[in-house]
Amino acid sequence: MKPAIRKLFFLAAACVLAVAEISAQPILRLPSVIGDHMVLQENTTVRLHGWADPNATITVIPSWGEAVTAKAGYDTKWEVEFHTPAATSEPCSITFKTNKTEKTINDVLIGQVWLCSGQSNMNWSAANGIADMKQELTQPLNPQIRLFTVTKNSTPHPQDDCEGRWEICDAESARYFSAVGYFFGKRLAAELNRPIGLVNSSWGGTPVEVWTPAPAMEKEAEMVASWKEYAPARPGWRIGSIYNAMIHPLLNTTFAGVIWYQGESNKRNAALYGEEFGMMIESWRKAFGKLLPFYFVQIAPHARTEGGVDGALVREQQALVAATVPGTGMAVVSDLVDDVTNIHPRYKKGVGDRLAGWALAEVYGRTGNKYKHASFRSAEFKRSQAIVTFENAEGGINCKDDAIVGLELCDASMKFVPAQGMIDDKNNTLVVWSKQVARPVAVRYCFSDGAIGNLYDAAGLPVAPFRSDSDNQAAPAKRPNDATTRMTVRAQGEGFELHKLNMGAKFFVNRPYPLAMVPERFAGFDLLVHSAIKNEVQHCKVTATEKGRIYIAVRRNNVTAADLDGWKPERNSEIRYTTHDKNKPGILYVYYKEAKAGQTIVLPQTKDFAGVTLLAAKIEYEK
């Protein structure tokens with residue numbers, strides 16, 4: 001053999017041996033979201049996953065419980081499930097083992113984990129000049145808050161992993177973390193006294209389309225056409241591409257809920273935003289496999305020139321989503337802006353606090369503070385005046401200045417002019433008039449891109465901007481103020497008892513769970529209560545004695561979602577009852593179905609623990 005050929009032979013052999021040695025190295029890899037300093041959601045079943053040698057057995061050993069095993073597929077993927085204990089600030093560990101190698105992650109806390117997402121107003125941090133966050137860094141921070149930031153990425157196909165790492169909250173890690181997310185987590189940690197994990201997956205300038213799974217949106221021709229017309233000129237951005245890279249890798253993570261701040265980048269196609277945003281929420285819930293609580297920020301006033309309503313239209317669409325998509329809530333922040341020419345308001349503490357108010361009340365049952373802003377209910381036009389009534393305006397509304405700003409009226413010409421207003425404390429209404437309008441037909445408040453109003457409720461939350469002349473017939477401004485149906489119904493079924501929907505009343509036959517919150521308009525209604533037993537269904541037929549609505553109270557979760565087909569959610573209808581855990585009240589919502597006089601309706605049957613409860617002004621019960 002010639003020397004040159006011999007040399008090439010030995011080099012090739014060396015390469016083969018090197019490749020063989022590398023391939024022999026055992027595989028045991030975890031995604032970036034599973035690592036030191038992480039937080040796992042408490043008292044629930046969590047999923048952990050990773051990659052290992054094909055057909056390898058993986059043993060996962062949590063320091064608080066029994067080991068669980070899984071086998072890697074030929075694609076190297078594996079996944080396990082186990083139950084987490086109650087929240088603890090004591091560091092835990094989790095060991096992952098195969099017969100060839102092992103890994104241990106340390107300083108794992110058990111608490112509440114939230115996903116923070118959206119565009120730049122969610123993404124911006126002290127490093128971007130957020131004033132109150134910069135001030136926050138000058139004082140000691142809570143190490144029981146843990147932070148994970150997903151590195152920005154966009155891909156055409158769903159990914160199983162993303163870049164990022166868990167960090168203990170301190171002045172350095174918090175400097176670059178979402179200010180809104182931080183202040184949200186800070187309030188939760190303080191009021192719940194539990195560790196808080198925050199995952200920030202946000203990207204400035206992103207429209208809602210890139211956060212929505214492509215298979216869902218691409219079925220909607222109008223949305224696809226709008227994207228093609230208005231899509232931002234960013235390489236790699238397409239419908240679903242950022243969801244693929246920055247949300248899909250998190251689907252095995254168990255979250256308590258989501259907070260969201262986005263919408264500025266959808267002003268170009270504002271009329272579709274409500275449908276697209278609602279689709280995104282429902283798509284995420286389907287992908288995560290649970291009805292995630294979803295609380296979002298109504299975009300702040302922003303305008304560099306006079307006029308313009310694109311931002312106002314987005315805000316209206318956001319209000320529509322909050323009013324119609326179950327399990328959502330909207331924080332109004334129009335009063336937290338010191339410069340309407342800056343699309344990034346410099347103060348975020350109030351934003352995070354208001355989002356936390358929704359979570360504390362709706363998820364954790366802390367109802368001591370008002371968290372729902374006052375919003376438009378209806379407008380009545382009498383001669384030269386518009387009489388406006390509000391939802392969620394307990395204690396009335398007030399103006400912090402001598403005159404109310406941002407009011408407009410128009411007559412049949414639909415030409416709006418500035419108007420004056422006064423608060424009628426006796427009737428809890430807003431009276432609006434203008435000398436230029438003899439017969440008003442529509443009223444508006446702060447319906448422009450940069451308008452900052454000065455109307456507040458008794459708790460100091462701003463009244464949300466509104467208009468009574470919405471082009472969208474489904475928008476809250478055009479919805480009639482439906483009167484609560486107060487008819488008698490006849491009910492047939494076994495195992496029920498008649499109770500009253502009043503504070504302190506017993507809600508179940510077999511549980512000492514008293515009612516702690518009831519909607520005022522349903523107070524005193526009859527309840528057809530039953531035993532609360534998991535996986536047991538109740539059978540009940542209801543006959544309407546006149547035309548109206550049949551009402552039921554039911555929990556809102558993955559079990560009941562499919563059972564409530566054809567039933568519509570009643571707005572502002574939360575019912576709470578006290579359970580054995582004072583920190584976790586039971587929460588039900590009222591749903592309804594329209595019925596004709598004499599029509600019989602079979603109530604939904606569900607295996608959910610709380611079942612379905614009939615309520616009506618009067619129930620005639622027959623066994």
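In this text the structure is predicted, and so the values were computed from the model without any measurement.
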Do you know which two heavy atoms are closest between [X] and [Y], and how far apart they sit?
| X | Y | answer |
| --- | --- | --- |
| Trp166 | Val33 | NE1-O, 2.8 Å |
| Phe148 | Ser32 | CE1-O, 3.3 Å |
| Ala553 | Phe507 | CB-CZ, 4.3 Å |
| Asn392 | Lys370 | O-NZ, 2.9 Å |
| Arg285 | Val325 | NH1-CG1, 3.9 Å |

Could you check whether [Y] and [X], counting side-chain N and O atoms only, form a donor-acceptor pair closer than 3.5 Å?
| X | Y | answer |
| --- | --- | --- |
| Ser202 | Asn200 | yes |
| His530 | Thr613 | yes |
| Asp170 | Ser173 | yes |
| Gln112 | Gln41 | yes |
| Ser178 | Trp124 | no |
| Gln119 | Ser265 | yes |
| Asn121 | Lys348 | yes |
| Asn266 | Glu209 | yes |
| Glu167 | Tyr176 | no |
| His157 | Asn244 | no |
| His539 | Gln605 | yes |

Could you walk me through whether Tyr513 and Tyr577 pass the ring-ring contact (aromatic ring centres under 6.0 Å, His included) check?
CA-CA 6 Å; Tyr513 292 167; Tyr577 56 88; 5.8 Å; yes

Does the [X] side chain pair with the main chain of [Y], one donor and one acceptor, at a distance under 3.5 Å?
| X | Y | value |
| --- | --- | --- |
| Thr212 | Val208 | yes |
| Thr98 | Thr101 | yes |
| Thr606 | Asp563 | no |
| His49 | Asn252 | no |
| Thr578 | Ala516 | no |
| Gln144 | Pro195 | no |
| Asn510 | Ala532 | yes |
| Arg47 | Leu251 | yes |
| Ser241 | Ser154 | no |
| Asp53 | Ala56 | no |

Between [Y] and [X], does any NZ, NE, NH1 or NH2 come within less than 4.0 Å of an OD or OE carboxylate oxygen?
| X | Y | result |
| --- | --- | --- |
| Lys186 | Asp353 | no |
| Asp107 | Arg146 | yes |
| Lys286 | Glu282 | no |
| Lys568 | Glu570 | no |
| Glu191 | Arg366 | no |

Centroid-centroid under 6.0 Å between [X] and [Y] rings:
| X | Y | value |
| --- | --- | --- |
| Tyr371 | Trp358 | yes |
| Tyr591 | Tyr551 | no |
| Trp227 | Trp237 | no |
| Phe255 | Trp114 | no |
| Tyr261 | Phe296 | no |

Just so I know, are the side chains of Ile587 and Glu574 near enough to count as touching, which here means a heavy-atom distance under 4.5 Å?
yes

Candidate pair Thr206 and Trp211, rule side chain to side chain donor-acceptor pair (under 3.5 Å), full reasoning:
CA-CA 8 Å; Thr206 48; Trp211 292 100; 2.9 Å; yes

For Asp160 and Lys77: C-alpha separation, side-chain torsions, deciding distance, then whether salt bridge (charged side-chain N to carboxylate O under 4.0 Å, His left out) applies.
CA-CA 10 Å; Asp160 292 329; Lys77 295 180 181 179; 2.9 Å; yes

Going from OG1 on Thr560 to CG on Asp608, what distance comes out if it is rounded to the nearest 0.5 angstrom?
6.0 Å

Look up atom CD1 in Ile299 and atom OH in Tyr273, then write down how far apart they are to the nearest 0.5 Å.
8.0 Å

Can you label the angle between the Phe294 ring and the Trp260 ring as parallel, tilted or perpendicular, going by 30° and 60°?
tilted

Parallel, tilted or perpendicular: rings of Trp284 and Tyr243 (30°, 60°)
tilted

Taking the cut-offs as 6.0 angstrom to the six-membered ring centre and 45 degrees off its axis, would you call Arg29 and Trp51 a cation-pi pair?
yes

Check Arg187, Glu136, Lys349 against Tyr182 for a side-chain hydrogen bond (donor to acceptor under 3.5 Å, both in side chains) and give me the one that passes.
Glu136

Within a radius of less than 6.0 Å around CZ of Arg165, do more than 12 heavy atoms belonging to other residues, nucleotides or ligands occur?
no

Pick one: which of Leu292, Leu198, Leu250 meets side-chain contact (heavy atoms from CB on, under 4.5 Å) with Leu115?
Leu250

